[in-house]
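All of these numbers come straight from a predicted model, not from anything done at the bench. Start at 1 with the first residue, then count along the sequence.
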Amino acid sequence: MDLRTFYNTYLTYVHLDKVGESLSQLEKIVEEKIEEASSDDYLTLLGDSLRIEEIELIKRYSNALTGDNLIKMPFNPEENPFLIYNHHLLYIGDGMAVMHEEVIDGILRNFGSTIHLPPLPDGITISNVNLNNAEYTTTVNLLDYPIIEFYDLLLTEDHMNLVAENLDLDLDEYNTRAQIINAISKRLVNTSYMEEKLKLFEPEEVARFSDKISRGEVLFTEEEGMWDTFLATGIVMPYLPHAAILPLVLFHFFREEIFN
């Protein structure tokens, strides 16, 4: 969803009523918001005004992007007044609000000196992929997720079922999504199973994967070659339009148990 569609969809009377404004100037406000999102001068000024609670809100939710380039987060006028009253954090009802990825990225890009981007884990590099600050923050946060939470966040229902079948799990044995995610997570770190499973993969694909592990790389792109088998088994997971990610737990597992 682009910025114009975002504001036309969510900058409605529901939000404006919350902040004491009317719809009469809606078109003008939308144009201003689109211009501000690409203005480094404006974003710098906004950053100087943000409260620490607003900075922490952005850091906390920057990894919660949806397929529509949106981030849903709590609506709290007392803690996030500047984001709300400048129409960047838009109320959608039931105590929740949304922000657009471009706004988040603009804030992270311009206020890196204020918002300290988290460091990568030791021995990990993502230099093979060009990421903006929002994507970088998402990546680091995902790497820190426990394996079950990682897969619960990223696996769609269809992909989950495909991964389970490709890991030789019988879906009839499980009643809930949580049980399937748990079984997938356990299967992926089973040394004897994975050693045998890799023998069925294309040798060239396994060799490229092993080389990336040795270099400390956890991001995978089509430009490097096809990763169909690793995607189908959930070893690497798509999370950006141009990249898939290997969870840190599996990075260490393959480096220390499989390719040692």
Side-chain angles (χ1 to χ4, degrees), residues 1-118 126 129-142 153 238-243:
M1 180 182 293
D2 61 24
L3 274 172
R4 183 174 301 279
T5 304
F6 170 74
Y7 281 112
N8 283 332
T9 302
Y10 294 104
L11 187 53
T12 66
Y13 75 92
V14 176
H15 171 78
L16 293 174
D17 184 63
K18 273 286 182 181
V19 298
E21 295 188 17
S22 69
L23 285 172
S24 61
Q25 298 295 314
L26 179 60
E27 185 175 342
K28 179 181 177 182
I29 293 173
V30 170
E31 293 300 327
E32 289 175 350
K33 294 301 110 181
I34 293 172
E35 182 177 344
E36 289 168 358
S38 60
S39 169
D40 287 345
D41 289 341
Y42 170 79
L43 290 171
T44 299
L45 180 63
L46 176 64
D48 291 338
S49 304
L50 290 179
R51 300 175 55 174
I52 187 64
E53 292 88 352
E54 294 177 296
I55 294 172
E56 291 301 320
L57 183 78
I58 290 170
K59 290 168 62 178
R60 178 181 178 187
Y61 285 92
S62 63
N63 68 325
L65 297 176
T66 71
D68 292 328
N69 305 109
L70 305 181
I71 300 172
K72 184 181 291 187
M73 55 186 73
F75 181 86
N76 189 328
E78 293 184 1
E79 292 188 356
N80 310 302
F82 293 100
L83 290 175
I84 290 170
Y85 289 98
N86 284 284
H87 308 305
H88 300 300
L89 185 62
L90 303 182
Y91 180 73
I92 57 174
D94 296 326
M96 298 301 293
V98 288
M99 285 186 71
H100 193 276
E101 177 186 10
E102 287 187 35
V103 178
I104 289 284
D105 182 46
I107 292 171
L108 291 173
R109 183 179 66 247
N110 283 274
F111 316 127
S113 60
T114 301
I115 303 174
H116 300 287
L117 298 178
I126 56 175
V129 179
N130 184 25
L131 302 176
N132 60 41
N133 285 340
E135 292 168 340
Y136 172 89
T137 304
T138 297
T139 301
V140 176
N141 287 339
L142 280 176
L153 177 68
Y239 80 114
L240 295 174
H242 57 287

Please tell me if the side chains of Leu153 and Leu142 come closer than 4.5 Å, counting only heavy atoms from C-beta onward.
-> yes
Smallest heavy-atom separation, Leu89 atom then Met99 atom, equals CD1-CG, 3.4 Å
Should we count CD of Glu53 as having more than 12 external heavy atoms under 6.0 Å?
-> yes
Quick one: CD1 on Ile55 to CG on Asn80, what's the gap to the nearest 0.5 Å?
-> 11.0 Å
For Leu70 and Met1, which heavy atoms make the closest approach, and how far apart are they?
-> CD2-SD, 4.1 Å
Hey, are the side chains of Ile29 and Tyr7 touching, using non-hydrogen atoms and a 4.5 Å cut-off?
-> no
Least distance between heavy atoms, Lys33 atom then Glu36 atom = NZ-OE1, 2.5 Å
Tyr239 and Thr139: side chain to side chain contact (heavy atoms under 4.5 Å, CB included), yes or no, with the steps?
-> CA-CA 9 Å; Tyr239 80 114; Thr139 301; 2.6 Å; yes
Classify the angle between the aromatic ring planes of Tyr42 and His88 as parallel (below 30°), tilted (30 to 60°) or perpendicular (above 60°).
-> tilted
By side-chain contact (heavy atoms from CB on, under 4.5 Å), Thr12 pairs with (sequence neighbours left out) Val14
Go through Lys28 and Glu32 one step at a time and tell me if the side chain to side chain contact (heavy atoms under 4.5 Å, CB included) criterion holds.
-> CA-CA 6 Å; Lys28 179 181 177 182; Glu32 289 175 350; 3.3 Å; yes
Taking C-beta and beyond as the side chain, do Leu131 and His242 meet within less than 4.5 Å on heavy atoms?
-> yes
Looking only at atom types and distance, does a side-chain atom of Glu102 sit under 3.5 Å from a main-chain N or O of Leu3, one as donor and one as acceptor?
-> no
For Glu56, the side-chain contact (heavy atoms from CB on, under 4.5 Å) test, sequence neighbours excluded, returns Ile52, Lys59
Determine yes or no for a side-chain-to-main-chain donor-acceptor pair under 3.5 angstrom, with Thr9 supplying the side chain and Thr5 the backbone.
-> yes
Residues Val30 and Arg4: closest non-hydrogen pair is CG1-NH1, 4.5 Å
Derivation and outcome, side chain to side chain contact (heavy atoms under 4.5 Å, CB included), residues Asn76 and Leu57 | CA-CA 10 Å; Asn76 189 328; Leu57 183 78; over 6 Å; no
